[in-house]
Novice: 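The structure that follows is given in the form of structure tokens.
Every chain is numbered from 1 and lettered A, B, ... according to where its sequence line falls, protein lines coming before strand lines.
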Amino acid sequence: MLEKRYNPKEVEAGKYDTWKSRGYFTAGDKSKQAFSMVIPPPNVTGKLHLGHAWDTTIQDIIIRYKKAQGYDTCYLPGMDHAGIATQAKVMEKLYKSGIDVTKITREEFLKKAWEWKDEYAATIHDQWKMMGLTLDYTKERFTLDEGLNYAVRKVFVSLYEKGLIYQGERIINWDPVQKTALSNVEVIHKDDEGAMYYFRYPIVDSNEALIVATTRPETMFGDVCVVVNPEDERYKKYVGMKVINPANGDELPIIADEYVDLEFGTGAMKCTPAHDPNDFLIGEKYHLEKPIIFNKDATMNEKCGKYQGMDRFVCRQALLEDIKAAGNFVKIEKIVHPVGHSERSDAVVEPMLSKQWFVKMRPLAEQALANQKGKDKVEFVPERFEKTFIQWMEKAEDWCISRQLWWGHRIPAYYNKHTGEVLVSMDAPKDMENWEQESDVLDTWFSSQLWPFSTWGWPEKTPDLERYFPTDVLVTGYDIIFFWVSRMIFESLEQTGKRPFKQCVIHGLVRDELGRKMSKTLGNGVDPIAVIDEYGADALRYFLTTNSTPGQDMRYIEEKVQASSNYLNKIWNSARYVLSVLPEGFKPKKVNKAELSPLDQYIINRLEETIKNVTLNMEKYDFNAASNHLYNFVYDDFCSQYLEMSKVALNSDNPKTKEVTEQVLYECLKDIILLIYPYTPFIAEELYLNLPEHLESIMLERYPIYNKDIVDASVNEEILTLFELIKDVRNYKIENKLAPNAKLDLSLNLKIKVFDDFVTYLNRFTFSTVKLIGEEILSMKGDLKVYPKANLLIVNEAGKEDMIKRLDAEIEFEKAEIERANRMLSNPNFISKAPEAKVNLEKEKLAKHEQNLASLIEKRNKL
RNA sequence: GGACACUUAGUUCAGCGGGAGAACGCUUCCUUCACACGGAAGAGGUCGUAGGUUCGAUCCCUACAGUGUCCACCA
């Protein structure tokens, strides 16, 4: 027997372990069609947040739904080593525990990092468990494990041999806090307040000077020339002459190049090839020096004279003062301009010339773009995100993949200690004593991009790879399309010749109640575990997946979690009731259409319609729409209507009536449980196991299938008329300040196939006497109350005037409807251009309203 | 500078080429034997503004305004 109140803690306890230990999560039933998905591997940097909860719940719903449809589902778990992020966290922890992190060796650090990883992996496992994820733990992977490292090396070597990986000196984004290079997508551009500084660059052997503007005066130590546009009348005459760098007194040539915009600044641009990507190109073009002026921590280096050792921003200020003192300062303009910050450390990124490893993007991007035009393209859901992907691909620049870190896949390149030769190879050279391995590791995303295939054992042709790759769906947030989705696509095409997943379902971000992004600095993050603790995982899951449109952001609003919980309680109690009325020894039977009362038939119609609509929307991954259909069925049709009205039939003297009702109640309840199950597996399992007949677990059940043969829509209209009538009676009581349970004498004039249950129902819940007297009612004398819509007459009540008012109001309503329909139908354009079905519909409406009007007028006249 | 979203009830959000919906909140009533985490009834919206397409626009198109996000090397 179920508890009176739904208690998520009790319901959820132990279920996950039972499922897991029975092997329900383990894939491999070859008799079924495979359906696979990989989890986006969470970083081992900390606990999972609400965004993860949302992401994985969507995945789990899809998996449970597909499994219930008879697929051999495989949902592969795993985690990401998250290079920079994890290294930073581990370093911080070591630092706080008093360890001198500047003295630690690579090996010592890695040992600590693995300990860290184990600790956080355990936390993440706990959270997956609490969320109820159907993960196949027999296939769990970690991006740094041996097999994946093999795949990484394989890919690196293969790309290198094809010329798609190269080592080169280029301008990269330097994070001076982490002291590593970053890729472009790891740089966040923020609008910062800054200044445009204007300085005089005196022309050598002249009294004149060029005014040059810069936002980063400290880079002046790396200036090699001043550039003007060759068309610029102001400066033409100076080209070929020299100016003096006011920072250090160096003489710099004035050169001409079209790159310079005449309109911008003063039209004269300083050129710092080692610290600006555009200046670098000019430096290449004119074979200029490319002096680097920063140390790795972005302090000034030995090329900066007395400023050596100063922080770059301190130097900026000091230099400004010195230039002012020398009389070469012109002005400062405050500006707001985009400044690059490191995604992880938030430090201002310094563009810096550096020797790094790069992936050549154009060939890979072209391949991905071409595939997207074919039939094996990745289908984005919602579709618009394909555009995001394509646009990024179209302008993707070479990808800097080397990182000056320890935590990651070490680049499989070896330098000969004697000759300097570079060897890129899967394995270390035999004469390793003569070689030194590249100390850099790879960008985290280099291994994550292989995730959809490396996890199945690639490059080996394993049975799993054959069976589960390409995966069916990938679910992730739109914020990592650039980081991850696009890279998986081009790399999978390059390495396997196949797309990594057939569909890519994109969701938004969880925001706080005020619509702000959840962040550590704001302290507005919500811990999913705390929510589960209070409302249960089911309520959280239901809230997360039913409160937004696909691809749209969502706000976390606690009241809505509460509302979800209330809904589950509603289902719980309706189940409790149904189970309580099913007799001892109840045996479920297939519902026999011929035996159904109109009311039974109506609820079955609605049930089937609900199954159809829910399934339709599940297929589109529109969980909000799907759940709404079920919600409406549960509340309006099942609980408010059928459950109440069926009480009459359950008390019937006719055992057949009783039995059929029991079967219908059971059928509805079971399907509700099965339909809600992917969303809220714990409560669904609990209720399922309380059904009089059930399998070992709901996880072995089949998803309901729409059965059109059991539907008979012909009863709908009269049932809806009954509902209308009931509503009228309730309104009557409220308006007349009668108690809800007040008994009334009632006579009816229903032009419907009245069935016994209905009259009994009315007697029991609404009226003291009900007489069915047909058309003669219209000639009844005495005081009447009329609710014309439902053809209801209530006798022995004062208020003829009131009745007349009501009738008149109804008459007005019908007249307005008739006029509306007539207006449309008398429009020749509507008749000729609107679809025929639409026109017919209007004609039917018109006829119906005309009939209603006639009947109302008749009643009115007889009063 | 590009791109993409969003603007609908007090609030958070669905929806849709043919009579505006939900949740929460609010008002009134009800502890009747599934559920007060409940039930019944109700109030509340010229669907951002202006044009256009259409027989018909909240929905499609254009412009504008506001909000948000992403991309972008202008010194």
Novice: Could you tell me how far B/rU31 sits from B/rG38 if I compare only their C1' atoms? Round to whole Å.
Specialist: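 So the two C1' atoms sit 10 Å from each other.
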Novice: Within the structure provided, determine whether A/Cys668 and A/Phe633 are in side-chain contact (heavy-atom separation under 4.5 Å).
Specialist: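 Result yes, sub-4.5 Å side-chain heavy-atom pair found.
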Novice: In which ranges does RNA chain B form stems of 3 or more consecutive Watson-Crick or G-U pairs, distances under 3.5 Å?
Specialist: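 Paired runs of 3+ in RNA chain B: B:1-7 with B:65-71, B:10-13 with B:21-24, B:26-30 with B:38-42, B:48-52 with B:60-64.
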Novice: Between A/Lys331 and A/Glu333, does any side-chain N to carboxylate O distance fall below 4.0 Å?
Specialist: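 Yes, this pair counts.
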Novice: In whole angstrom, give the distance that lies between atom CG of A/Asn651 and atom C1' of B/rU32.
Specialist: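 Whole-Å distance recorded here is 14 Å.
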Novice: OP1 or OP2 of B/rA14 less than 4.0 angstrom from a side-chain nitrogen or oxygen of A/Thr549, does that happen here?
Specialist: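 Indeed, a polar side-chain atom of A/Thr549 lies that close.
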Novice: Does A/Lys570 contact B/rC35 through a side-chain donor or acceptor facing the base, at a distance under 3.5 Å?
Specialist: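 Present.
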Novice: Tell me the interatomic distance from A/Tyr631, atom OH, to B/rC37, atom C1', rounded to whole angstroms.
Specialist: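 The answer, rounded to whole Å, is 12 Å.
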Novice: So that I can tick it off, tell me whether A/Glu218 and A/Arg312 are bridged by a salt bridge, with the cut-off set at under 4.0 angstrom between side-chain N and carboxylate O.
Specialist: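 Looking at A/Glu218 together with A/Arg312, the answer is no, because their closest N to O distance does not fall below 4.0 Å.
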Novice: In whole angstrom, what separates A/Asn7's CG from B/rC37's C1'?
Specialist: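 Rounding to the nearest Å, CG of A/Asn7 and C1' of B/rC37 are 12 Å apart.
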Novice: Under 4.0 angstrom, heavy atoms only, what part of the nucleic acid is A/Cys271 near: base, sugar-phosphate, or nothing?
Specialist: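 Answer is nothing: A/Cys271 stays at 4.0 Å or more from every strand.
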Novice: Measuring to OP1 and OP2 of B/rA22, would you say a side-chain N or O of A/Asn632 lies under 4.0 angstrom away?
Specialist: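 Negative; the distance criterion is not met.
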Novice: Roughly how many Å is it from CG in A/Leu643 to P in B/rG38, rounded to a whole number?
Specialist: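 Answer to the nearest Å: 16 Å.
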Novice: Taking the C1' atom of each, how far is B/rC4 from B/rG44, in whole Å?
Specialist: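 Here B/rC4 and B/rG44 have their C1' atoms 34 Å from each other.
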Novice: Taking the six-membered ring for Trp, are A/Tyr556 and A/Phe543 ring centroids under 6.0 Å apart?
Specialist: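 When the ring centroids of A/Tyr556 and A/Phe543 are compared, they turn out to be within the sub-6.0 Å range.
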Novice: Within the structure, does a side-chain N or O atom of A/Arg384 lie under 4.0 Å from either OP1 or OP2 of B/rC4?
Specialist: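 Answer is no, no contact under 4.0 Å.
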Novice: Any salt bridge linking A/Lys517 with A/Asp512? Criterion: basic side-chain nitrogen under 4.0 Å from a carboxylate oxygen.
Specialist: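 Salt bridge between A/Lys517 and A/Asp512, a charged N being under 4.0 Å from a carboxylate O: no.
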Novice: Between B/rC13, B/rC35, B/rC55, which one does the side chain of A/Pro835 approach most closely?
Specialist: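 For the A/Pro835 side chain, the nearest candidate turns out to be B/rC55.
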Novice: With RNA chain B as reference, determine whether A/Ile557 or A/Asn569 sits nearer its 5' end, using the nearest nucleotide of each.
Specialist: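 On the 5' side of the pair lies A/Ile557.
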Novice: Pick base, sugar-phosphate or nothing for A/Met824, based on heavy-atom distances below 4.0 Å to the nucleic acid.
Specialist: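 Base: the residue A/Met824, judged by heavy atoms under 4.0 Å, touches a nucleobase.
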Novice: Taking B/rU49 as the reference, what is the distance to B/rA41 when you measure between their P atoms (whole Å, please)?
Specialist: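 About 33 Å, rounded to a whole number of Å.
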Novice: May I ask you to say whether A/Glu644 pairs ionically with A/Lys647, meaning some side-chain N is under 4.0 Å from a carboxylate O?
Specialist: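 Looking at A/Lys647 together with A/Glu644, the answer is yes, because their closest N to O distance falls below 4.0 Å.
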Novice: Taking OP1 and OP2 of B/rA14, is either one under 4.0 Å from a side-chain nitrogen or oxygen of A/Ser548?
Specialist: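 Checking A/Ser548 against B/rA14: no side-chain N or O falls below 4.0 Å of OP1 or OP2.
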Novice: So what does A/Tyr635 hit on the nucleic acid, given a heavy-atom distance under 4.0 Å: a base, only sugar-phosphate, or nothing?
Specialist: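 Counting heavy atoms under 4.0 Å across all strands, the contact made by A/Tyr635 is with sugar-phosphate only.
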Novice: Report the distance from atom NZ of A/Lys845 to atom P of B/rG56, rounded to the nearest whole Å.
Specialist: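 About 18 Å, once rounded to whole Å.
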Novice: Rounded to whole angstrom, note down the C1' distance from B/rG39 over to B/rC33.
Specialist: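 Taking atom C1' in both B/rG39 and B/rC33, they lie 14 Å apart.
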Novice: Assess whether salt bridge (charged side-chain N to carboxylate O under 4.0 Å, His left out) is satisfied between A/Glu284 and A/Lys290, documenting all intermediate values.
Specialist: CA-CA 9 Å; A/Glu284 288 280 273; A/Lys290 304 185 190 73; 2.9 Å; yes
Novice: Between B/rG51 and B/rG56, how many Å separate the two P atoms, rounded to a whole number?
Specialist: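 Looking at atom P only, B/rG51 and B/rG56 are 16 Å apart.
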Novice: Determine, for A/Arg170 against A/Glu397, whether the closest basic-nitrogen to carboxylate-oxygen distance falls under 4.0 angstrom.
Specialist: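 No salt bridge links A/Arg170 with A/Glu397.
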Novice: Describe the nucleic acid contact of A/Ala834 in one word from base, sugar-phosphate, nothing, applying a heavy-atom distance below 4.0 Å.
Specialist: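 Base contact - A/Ala834 has a heavy atom under 4.0 Å of at least one base atom.
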Novice: Take A/Phe329 and A/Tyr198, measure what ring pair (Phe, Tyr, Trp, His ring centres under 6.0 Å) needs, and give me the verdict at the end.
Specialist: CA-CA 7 Å; A/Phe329 170 78; A/Tyr198 291 80; 9.2 Å; no
Novice: Just how far, in rounded Å, is C1' of B/rG18 from CZ of A/Arg823?
Specialist: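 To the nearest whole Å, that distance equals 13 Å.
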Novice: So what does A/Gln552 hit on the nucleic acid, given a heavy-atom distance under 4.0 Å: a base, only sugar-phosphate, or nothing?
Specialist: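 It contacts sugar-phosphate atoms only.
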Novice: Taking the C1' atom in each of B/rU53 and B/rU58, what is the distance between them to the nearest angstrom?
Specialist: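 These two C1' atoms come out 16 Å apart once rounded.
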Novice: With sugar-phosphate meaning primed atoms plus P, OP1 and OP2, does A/Asn624 contact a base, only sugar-phosphate, or nothing at under 4.0 Å between heavy atoms?
Specialist: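 Sugar-phosphate, backbone atoms only, no base.
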Novice: Select from A/Asn829 and A/Asn573 the residue whose nearest nucleotide in RNA chain B is closer to the 5' end of that strand.
Specialist: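 Going by which nucleotide is closer to the 5' end, it is A/Asn573.
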Novice: Pick the C1' atom in B/rA14 and in B/rC71, then give their distance to the nearest Å.
Specialist: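 Those two atoms are separated by 30 Å.
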Novice: Would you call A/Glu819 and A/Arg823 a salt bridge, taking side-chain N to carboxylate O under 4.0 Å as the test?
Specialist: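 Yes, charged N to carboxylate O under 4.0 Å.
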Novice: Specify the separation, in whole Å, of atom NE2 of A/His629 and atom P of B/rA14.
Specialist: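 For the pair A/His629 NE2 and B/rA14 P, the rounded distance is 15 Å.
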Novice: Enumerate, atom names and distances included, each donor-acceptor pair closer than 3.5 Å involving a side-chain atom of residues 188-197 of chain A, sequence neighbours excluded.
Specialist:
residue: A/Lys190; atom: NZ; partner: A/Asp346; partner atom: OD1; Å: 2.7
residue: A/Asp192; atom: OD2; partner: A/His341; partner atom: NE2; Å: 2.7

Novice: Distance check: side-chain N/O of A/Lys4 vs OP1/OP2 of B/rC35, anything under 4.0 Å?
Specialist: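 Yes, A/Lys4 has a side-chain N/O under 4.0 Å of OP1/OP2 on B/rC35.
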Novice: I'd like to compare against my own output: the B/S/- annotation of nucleotides 67-75 of chain B with a strict under-4.0 Å heavy-atom distance to protein.
Specialist: --SSS-BBB
Novice: Starting at CD of A/Glu644 and ending at P of B/rU32, how long is that distance when rounded to a whole Å?
Specialist: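 Distance check: A/Glu644 CD to B/rU32 P gives 13 Å.
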Novice: Just call it for A/Pro550: base, sugar-phosphate, or nothing, with non-hydrogen atoms closer than 4.0 Å on any strand.
Specialist: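 Nothing: the residue A/Pro550, judged by heavy atoms under 4.0 Å, touches no strand.
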Novice: For B/rC64 versus B/rA3, give the span between their P atoms, rounded off to a whole number of Å.
Specialist: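 About 12 Å, rounded to a whole number of Å.
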Novice: Does A/Asp257 come within less than 4.0 Å of A/Lys285, counting only side-chain N to carboxylate O?
Specialist: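 Looking at A/Lys285 together with A/Asp257, the answer is yes, because their closest N to O distance falls below 4.0 Å.
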